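Data first, discussion second: the structure below is written as C-alpha cells.
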Amino acid sequence: EDQVTQSPEALRLQEGESSSLNCSYTVSGLRGLFWYRQDPGKGPEFLFTLYSAGEEKEKERLKATLTKKESFLHITAPKPEDSATYLCAVDQGAQKLVFGQGTRLTINP
Amino acid sequence: DGGITQSPKYLFRKEGQNVTLSCEQNLNHDAMYWYRQDPGQGLRLIYYSQIVNDFQKGDIAEGYSVSREKKESFPLTVTSAQKNPTAFYLCASRDRGHEQYFGPGTRLTVT
C-alpha cells in the first residue's frame, strides 16, 4: 500500500533560522512527488513537482529535493509569512494523489 | 481570471439532510477531484472524474455521490448515509500535466 509520512508534525523556528521538512514515501513506481503549501482555512497551493531521484526545484526561500525514498523541503532564512502547513503527496497512478499528514511550520519574528 | 471556485465557504446542515457542494473551474481542465480534510489528517480522495460523464470512487466514497455533466462542473452530494460528514471539503482539477490545483474549500458542519 502506498504511504506518505511527513515529519515533524509541527516545527517552530525563529525568523532567519533555516531548517528542513521531511517526506518519506513507499510507492511502487514513483510517478511524481508534489509539495503544497496550505494556509489555515484555505485550499492547498501548488509549489513543486519532482519526478526522479536527484532532482531539485527552487522557489524563493524554498528548495525541494528528492531521493529514492524521501523528499526534503529546505527553508532558507524563513520569514513569518512562510508560516503554513506544508503538504507532500505522491502520484499512485491514474493521477490519484496520496497525501501525508502535513508539517505545520511556524516562523516567529 | 482562471481558477476553481467552491461555494459556499461555510455550510451548516441538520443531521439526516443531504447537501450538495459546488465546484466550478474555468481552466479547461479535463480531470476533477473531491477530497476531504479532517484535523491532523492528510487529504483523502472521495471521487474523481477524468472526463465528462465518467467518474470513479476514491478511497472514502461511501455516503457521497457526484455527477459530471459538464466539463466545468463537478458537484459533490453528501448524503445522510455519511456517518461523519463534518469536515473541510476540497475540490481540485488537473490538466494534461500531473499537478492538481485546488479550490478554496467548503467547511461543512452537520449537527
Side-chain angles (χ1 to χ4, degrees), chain A residues 1-11 21-27 29-52 55 57 59 64 66 71 84-105, chain B residues 2-11 21-25 27 29-51 54-61 87-109:
Chain A
E1 183 182 326
D2 298 339
Q3 282 194 324
V4 179
T5 303
Q6 292 187 246
S7 61
E9 284 188 19
L11 181 62
L21 314 183
N22 177 264
C23 172
S24 299
Y25 62 90
T26 55
V27 61
L30 182 66
R31 297 165 186 82
L33 184 141
F34 306 85
W35 282 99
Y36 288 86
R37 169 195 171 123
Q38 185 176 26
D39 292 304
K42 297 190 176 180
E45 175 190 344
F46 170 74
L47 293 173
F48 304 111
T49 307
L50 301 167
Y51 289 106
S52 56
E55 189 174 358
K57 294 272 181 76
K59 180 180 180 180
L66 181 65
S71 176
T85 295
Y86 290 85
L87 301 170
C88 171
V90 297
D91 185 341
Q92 63 174 159
Q95 291 81 43
K96 297 195 302 179
L97 298 185
V98 177
F99 281 83
Q101 322 92 296
T103 293
R104 190 171 63 255
L105 177 66
Chain B
I4 303 170
T5 57
Q6 292 186 244
S7 60
K9 187 174 175 69
Y10 299 97
L11 192 53
L21 282 60
S22 167
C23 178
E24 305 277 333
Q25 55 101 357
L27 300 167
H29 288 176
D30 288 315
M32 297 186 74
Y33 304 79
W34 274 106
Y35 293 89
R36 169 185 174 133
Q37 187 174 35
D38 295 284
Q41 296 193 36
L43 279 66
R44 292 183 290 166
L45 182 64
I46 304 173
Y47 267 98
Y48 64 105
S49 167
Q50 299 195 53
I51 197 168
D54 187 46
F55 48 83
Q56 288 79 40
K57 293 181 180 180
D59 300 318
I60 55 165
F88 189 47
Y89 289 88
L90 288 159
C91 178
S93 70
R94 180 184 59 80
D95 63 8
R96 296 179 187 276
H98 288 184
E99 296 83 14
Q100 293 185 17
Y101 296 91
F102 286 83
T106 291
R107 187 166 299 280
L108 173 65
T109 303

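Here is how names work: the chains are called A, B, and so on, in the same order as the sequence lines, proteins then strands, and each is numbered from 1. The model shown is predicted, which means the values in this text are computed figures rather than measured ones.
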Before you tell me yes or no, could you show the steps for L97(A) and Y33(B) under side-chain contact (heavy atoms from CB on, under 4.5 Å), namely the whole-Å CA-CA distance, both residues' side-chain angles and the distance that decides it to 0.1 Å? CA-CA 10 Å; L97(A) 298 185; Y33(B) 304 79; over 6 Å; no
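Interface remark: of the candidates G32(A), P44(A), G43(A), P44(A) forms the most heavy-atom pairs closer than 4.5 Å to chain B. Of the listed residues (T85(A), V98(A), T49(A), L87(A)), the one with the most heavy-atom contacts under 4.5 Å to chain B is T49(A).
Heavy-atom contacts from other residues, nucleotides or ligands closer than 6.0 Å to CZ of R104(A) number 12 or fewer. No more than 12 heavy-atom neighbours from other residues, nucleotides or ligands sit within 6.0 angstrom of NZ on K42(A).
Looking at residues two or more places apart in sequence or on another chain, you find a ring pair (Phe, Tyr, Trp, His ring centres under 6.0 Å) between Y51(A) and H98(B). For F48(A), there are no ring pair (Phe, Tyr, Trp, His ring centres under 6.0 Å) partners, not counting sequence neighbours.
Contacts between Q41(B) and chain A at a heavy-atom distance below 4.5 Å involve the backbone alone (N, CA, C, O). Interface residue Q100(B): backbone and side-chain heavy atoms are both found under 4.5 Å from chain A. If you measure heavy-atom distances from Q50(B) to chain A, the contacts under 4.5 Å come from the side chain alone. Heavy-atom distances place both the backbone and the side chain of L43(B) under 4.5 Å from chain A.
Counting only heavy atoms from C-beta outward, the side chains of L90(B) and Q38(A) approach each other to under 4.5 Å.
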